[in-house]
Every structure is written in structure tokens, then in C-alpha cells.
Trainee: 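Before anything else, here's the structure in question.
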Amino acid sequence: MNASLYAAIANTAAASPDTPYIVKSEVNPANTRLGEVFAAGQRTGTRFAAMGIRPGDVVAVMLPNWREWLVSAIGCWHAGAVMLPIVTIYGAKEAAFILRQSGARAIIHPGIWRNTDFGQRIADCGPLERLEWIFGCGDEFAALEAEGPVLAPQERDADDLAMLIYTSGTTADPKGVMHSSRSLMAEIRQQQESRARPAPGEGTDIIFSPWPPGHIAGALSMLRHAVTGISFLGMEQWDAGLAAELIERHRVTSSSGTPFHLGGIIEAADRDGRDLSSLRHYMVGAAPVPPSLVQRCIDRGLAVFHCYGSSEHPTVTTGTADDPLDKQLNTEGRVFPGCELRFVNDDGADVGAGEDGEICTRGPELFTGYFDRRLNDAAFLPGGWYRTGDIGRLDAEGYLLITDRKKDIIIRGGENISSKEVEAVLLRHPAIADAAAIACPDDRMGEVVMACVVLRSDATLDLASVIRHFQDAGIARQKTPERLRVMDELPRNASGKVLKHVLRREIVPA
């Protein structure tokens with residue numbers, strides 16, 4: 001597989017130009033075909049090249065699930081550029097870091113969307129020396145994709161950097177994850193080959209994506225459409241009732257999401273009497289999955305299973321609809337074909353069979369490294385094994401069990417939140433003397449941020465005050481604590497490190 005991602009999309013657009021591409025949106029809906037989107041991407045890429053975008057340059061795309069996202073992606077690769085998706089929830093602080101570190105030369109944004117002026121948000125990032133072009137959707141983007149001559153695409157190797165996507169981790173700053181055409185294509189092909197096909201007379205495959213395309217899962221959903229020719233149905237923003245209605249109306253066959261998405265669909269279907277029987281598989285991941293949710297789906301006859309992965313290695317293990325019930329409920333499935341797992345101790349040595357250890361992965365879908373190469377020494381073991389920071393083991397049948405998380409992150413609705421970043425903001429509150437942020441289980445979001453704080457003498461604090469403090473700091477609302485516990489002191493070890501496992505074990509959410 002030596003072809004670039006662009007070449008694969010070009011072949012599919014030529015072979016299946018009429019494949020539907022549909023986006024439900026109140027302000028920017030789309031009901032078009034892959035061939036039209038690809039042609040618009042070619043024209044956009046030609047304009048990028050004419051502007052001075054060169055192979056290897058970075059183009060940022062900060063858009064929701066709109067047609068313009070995929071047009072921009074195709075345009076990037078037509079010009080030989082690197083696609084940089086950015087989630088729209090990021091405020092100026094996060095966006096500035098990403099744009100500055102990546103050296104992005106251009107950015108495409110929604111304009112004014114959901115009461116936010118994204119042009120102003122970019123202006124609030126401060127000086128961005130490399131950023132030369134800013135395009136809002138509307139007239140500015142229309143000029144990019146306007147009819148005109150199309151230049152030949154810039155040839156790129158399958159191992160060249162194709163996508164740079166940022167993910168929050170254990171540090172306060174996002175980490176730039178580098179993917180090549182080869183790694184993205186491997187993930188798309190594996191997903192396609194592992195899923196059941198429609199039986200004769202059942203119609204065609206259609207993907208439904210609730211993910212924002214700044215998230216690796218959302219980006220891959222769009223790219224799976226473009227590479228394989230499967231029909232695509234996306235949403236601009238999440239609405240569980242609309243999602244259930246769309247699945248019924250379009251006879252959606254394939255989807256994925258977090259427990260928050262899936263739980264919302266089930267509740268809406270029960271409430272509104274929606275038929276979800278067309279769904280042959282629903283892959284749920286990116287957050288801890290309550291067994292009760294999987295059981296509710298099974299009771300409805302909905303094929304649902306867990307998966308395990310990350311931005312760095314999108315899918316490592318996956319279940320299937322044919323797995324035994326206890327495996328569907330309580331495991332992350334078995335290793336994806338071609339992927340490998342190891343379990344190691346803190347020194348990087350393998351633990352015994354069946355023992356808990358840090359999960360290390362290797363496989364064709366694995367990223368090529370972090371954009372900040374200083375992070376790679378700690379991220380990899382010799383031989384290219386990626387240290388996930390998660391703790392687990394394989395059971396006797398080869399199913400993965402996740403037992404703990406070494407990385408100090410909170411996964412809210414599929415988004416990684418850095419506890420250190422939350423703690424830094426908490427400690428700037430005048431009433432707080434000491435603080436720790438931990439994951440608090442939540443039925444809707446999987447996890448939410450809980451702030452455990454020690455107050456200064458004679459100070460008082462409530463959750464409303466914490467929320468206002470985070471709003472004033474300009475931090476994305478997803479990172480704002482939704483639970484608060486005031487304590488006399490935080491548990492620490494002899495060296496002064498906060499014992500978060502003690503907090504997680506002993507604190508019962510109020």
C-alpha cells in the first residue's frame with residue numbers, strides 16, 4: 001500500500017462519484033456527492049498552491065462536520081500540504097499554542113457560528129508569525145473553491161506527514177500527533193474489513209458520525225467515506241433526538257460514539273419510538289463504557305461492542321457483535337489484525353502472563369511520532385512500541401481488560417482533559433490553597449471533571465464560583481469542573497505527590 005491518501009480518494013471519487021455525502025445542519029446543510037466534493041477539493045488545492053502553499057506546509061481547519069471540512073482536506077493533499085484539524089471547542093489559549101507550534105500557514109474557520117466569532121478567536125491568539133491566510137466559511141471559502149482551471153496534484157509519498165492532530169494528554173499543552181497516509185489508510189482499511197456487509201436486499205452501507213472532525217474519530221469517519229465510497233451522514237452538533245430520527249430515516253448501518261452519544265440515542269429511541277434495527281454495529285469507545293449501557297443495547301437487539309484506541313493508535317482492539325455477552329459487557333475486545341500488544345512494568349520490562357501492566361502497542365495504524373520530538377523518548381520503547389499509559393491485561397481468551405489509567409487525564413465524552421491544566425486554573429482562584437482534578441464517573445459523559453480543593457483560611461467556595469472562575473480564564477467549558485469537593489487536606493505520599501488513586505477510591509461524588 002504505497003499510494004497516498006489523496007490518490008486513494010481520487011480513485012474512489014472516479015469509481016463512485018455518486019456516493020451520497022449528507023450533513024444535517026441548521027446553518028450550513030449539505031446533500032451532495034463524493035464526486036462534487038472531490039472536484040471542489042481539487043480546485044481548492046489549486047488555489048492553495050497558487051497562494052504559495054507548498055508541499056509539507058500546514059493548513060489548519062477549525063470546522064464542524066461541514067462539507068467544507070472534507071473539501072479543505074482534499075485541497076490540502078492536492079497541494080501536498082499537511083491537514084491540521086482543530087476542534088471548535090478550543091479557546092484562544094489552546095488554538096494559539098497549536099497554530100504557533102505547528103507553524104500553520106493558513107486556517108479555515110466557520111465565521112460566526114454558535115454565537116462565537118471565530119475570526120475574533122483567532123485574532124485573540126496574538127502574534128502568529130507563520131500564519132498568512134485566514135478564511136472564513138462563506139464568501140471567502142467560496143472563492144477558494146470557485147470554478148477554474150485545476151493544476152496537477154503534488155505527489156506525496158505514503159510515509160510523508162499527511163495529518164497533524166492535537167490531543168490533550170498528561171501535560172497542560174496539547175500534543176501534536178503525526179499520521180502518514182500509510183497509517184491512516186491502514187486504519188480505514190482495517191475498519192472496513194472488520195465490519196459486516198449488508199446482506200442481499202438490505203441496501204447499502206451508510207456511516208453516521210456524531211464526532212466533531214477535529215477529533216481523530218470524526219476525521220476518520222469522513223475519510224472512510226472518501227476512501228471506501230461508503231455513504232456518509234454527519235451532524236453539525238449533537239442532538240440525540242435528531243440522531244435517532246436520522247438513523248431510522250436513512251437506515252444507517254454503521255456508527256460509533258462515546259457512551260454519551262449511545263446512551264442519548266437509546267433514550268431518544270425509547271422516548272420517540274424510533275427504529276434502530278438497521279444498525280449492524282455500533283462501536284463505542286473513547287471513554288469508560290458502563291456495562292449497563294451495553295446491556296440496554298443488547299436488550300434492544302442492537303449490536304454494540306467496545307473498542308480501545310487513541311489519537312496515536314486509533315484502534316488497537318475491538319469487539320464484535322458475535323462476542324459472548326460477558327465479553328461485550330466487560331472487555332475492550334480482541335487485538336485488531338496486524339496490531340500487537342505488550343504489557344510492561346515501570347522499567348519497560350514485560351510482566352508475567354495475566355498480570356496487569358502498562359499497555360504498549362505496535363501496528364500499521366500507529367502514528368509516526370509527536371510533532372514535538374522531545375516527547376518521543378518517553379512515548380516509545382525500543383522496537384517502536386508505543387507506551388499508552390493505560391494499565392491492563394489479556395484474559396484467557398485474549399480479550400483486553402483495562403484496569404487503570406497511568407496517564408493523569410480525564411476523558412469527558414471522548415475528549416481528553418489534562419488534570420494539570422485544570423489544576424493550574426484552580427490554583428489561581430483566590431480561595432483555593434491546594435487542588436487536584438480527578439475523573440468523576442458520569443452516566444452521560446462517561447467522566448466529568450471533579451475538583452478536590454483545600455481552601456485558604458476563612459475562605460468559602462461553591463461550584464458556581466469555580467465555574468465563573470473558569471469562564472473568566474477563557475478555558476473551554478468542557479474542562480470546567482462539574483463536581484466540587486472541599487477537603488481539609490489532599491492525600492500525598494512521602495515525596496509530596498498527590499495520591500489520586502486514593503482520591504478516586506475514597507471520594508464518593510456528592
Trainee: Not counting sequence neighbours, which residues clear side chain to side chain donor-acceptor pair (under 3.5 Å) with Gln478? List them please.
Mentor: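 Side chain to side chain donor-acceptor pair (under 3.5 Å) list for Gln478, sorted by chain: empty.
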Trainee: Are side-chain N/O atoms of Arg224 and Gln191 paired as donor and acceptor at under 3.5 Å?
Mentor: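 Distance-only check fails for Arg224 and Gln191.
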Trainee: Applying side chain to side chain donor-acceptor pair (under 3.5 Å), can you list everything that pairs with Arg456, at least two apart in sequence or on another chain?
Mentor: none
Trainee: For Asp57, what residues pass the side chain to side chain contact (heavy atoms under 4.5 Å, CB included) criterion, not counting sequence neighbours?
Mentor: Ile53, Arg54, Arg105, Arg130
Trainee: Pro210 and Ser255: which non-hydrogen atoms are nearest, and at how many Å?
Mentor: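 That closest heavy-atom pairing would be CD-OG, 4.2 Å.
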Trainee: Verify whether one side chain among Thr258 and His261 offers a donor that lies under 3.5 Å from an acceptor in the other.
Mentor: yes
Trainee: Between the side chains of Thr388 and Tyr308, does any donor sit under 3.5 Å from an acceptor?
Mentor: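 Per modelled atom types, Thr388 and Tyr308 side chains form a pair under 3.5 Å.
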Trainee: Tyr370 and Tyr166: aromatic ring centres closer than 6.0 Å?
Mentor: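 So the answer is no for these two rings.
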Trainee: Is Arg412 paired with Glu482 through a side-chain N to carboxylate O contact shorter than 4.0 Å?
Mentor: yes
Trainee: How far apart are the closest heavy atoms of Leu366 and Gly384, and which atoms are they?
Mentor: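 For Leu366 and Gly384, the tightest heavy-atom pair comes out as CD2-O, 3.6 Å.
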Trainee: Using a 3.5 Å distance criterion without hydrogens, assess whether the side chain of Ser181 forms a donor-acceptor pair with backbone atoms of Ser4.
Mentor: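 Pair absent, no side-chain N/O of Ser181 close to backbone of Ser4.
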Trainee: With a 4.5 Å heavy-atom cut-off, do Ile438 and Ile410 have their side chains touching?
Mentor: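 No. Closest side-chain heavy atoms not under 4.5 Å.
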Trainee: For the pair Glu421 and Arg428, find out whether any cationic side-chain nitrogen is under 4.0 Å from an anionic carboxylate oxygen.
Mentor: no
Trainee: Which residues pass the ring-ring contact (aromatic ring centres under 6.0 Å, His included) test with Tyr21, not counting sequence neighbours?
Mentor: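 If we apply the ring-ring contact (aromatic ring centres under 6.0 Å, His included) test to Tyr21, skipping adjacent residues, the hits are His225, Phe232.
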Trainee: Any salt bridge linking Lys479 with Glu94? Criterion: basic side-chain nitrogen under 4.0 Å from a carboxylate oxygen.
Mentor: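 Salt bridge present between Lys479 and Glu94.
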Trainee: I'd like to know if the side chain of Arg43 reaches the main chain of Glu145, judged simply by a donor and an acceptor atom lying under 3.5 Å from each other, with no hydrogens or angles considered.
Mentor: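 Checking the backbone N and O of Glu145 against the side chain of Arg43, a donor-acceptor pair under 3.5 Å is found.
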Trainee: Do Thr167 and Ile165 come close enough that some side-chain heavy atom pair is under 4.5 Å?
Mentor: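 No - every pair of side-chain heavy atoms lies 4.5 Å or more apart.
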Trainee: His179: which residues meet the ring-ring contact (aromatic ring centres under 6.0 Å, His included) condition with it, sequence neighbours left out?
Mentor: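 For His179 there are no ring-ring contact (aromatic ring centres under 6.0 Å, His included) partners, ignoring immediate neighbours.
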Trainee: Measure up the His78 and Tyr6 rings against each other and bin them: parallel (under 30°), tilted (30 to 60°), perpendicular (over 60°).
Mentor: perpendicular
Trainee: For Val344 and Cys360, work out which heavy atoms get closest and say how close.
Mentor: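 Scanning both residues, the minimum pair turns out to be CG2-SG, 3.7 Å.
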Trainee: With no hydrogens and no angle check, just 3.5 Å: does a side-chain donor-acceptor pair link Ser256 and Trp211?
Mentor: yes
Trainee: Can you name the residues that form a ring-ring contact (aromatic ring centres under 6.0 Å, His included) with Phe48, not counting sequence neighbours?
Mentor: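 For Phe48, no residue satisfies ring-ring contact (aromatic ring centres under 6.0 Å, His included) once neighbours in sequence are set aside.
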Trainee: Using side-chain heavy atoms (C-beta onward) and a distance below 4.5 Å, is Ser183 in contact with Glu365?
Mentor: no
Trainee: Using only atom types and a distance under 3.5 Å, with no angle test, would you say the side chain of Thr368 pairs donor to acceptor with the backbone of Met178?
Mentor: yes
Trainee: Does the side chain of Trp69 come within less than 4.5 Å of Ile108's, by heavy atoms?
Mentor: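 SC-SC contact between Ile108 and Trp69 ruled out.
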Trainee: In the structure I gave you, are the side-chain heavy atoms of Leu461 and Val466 within less than 4.5 Å of one another anywhere?
Mentor: yes
Trainee: Taking NZ, NE, NH1 and NH2 as the nitrogens, is one of them in Arg374 or Asp372 under 4.0 Å from a carboxylate oxygen of the other?
Mentor: yes
Trainee: Going by atom types only, do Glu68 and Asn28 share a side-chain donor-acceptor pair under 3.5 Å?
Mentor: yes
Trainee: With no hydrogens and no angle check, do the side chains of Thr315 and Glu187 hold a donor and an acceptor under 3.5 Å apart?
Mentor: yes
Trainee: Look at Asp124 together with Lys93 and state whether they make a salt bridge at an N to O cut-off of under 4.0 Å.
Mentor: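 Salt bridge between Asp124 and Lys93, a charged N being under 4.0 Å from a carboxylate O: no.
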Trainee: On a heavy-atom basis, which atom in Gln154 and which in Pro55 lie closest, and how many Å separate them?
Mentor: OE1-CG, 3.7 Å
Trainee: Does this structure show an ion pair linking Arg387 with Glu358, if we count only N-O contacts that are shorter than 4.0 Å?
Mentor: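 A salt bridge is present here (some side-chain N lies under 4.0 Å from a carboxylate O).
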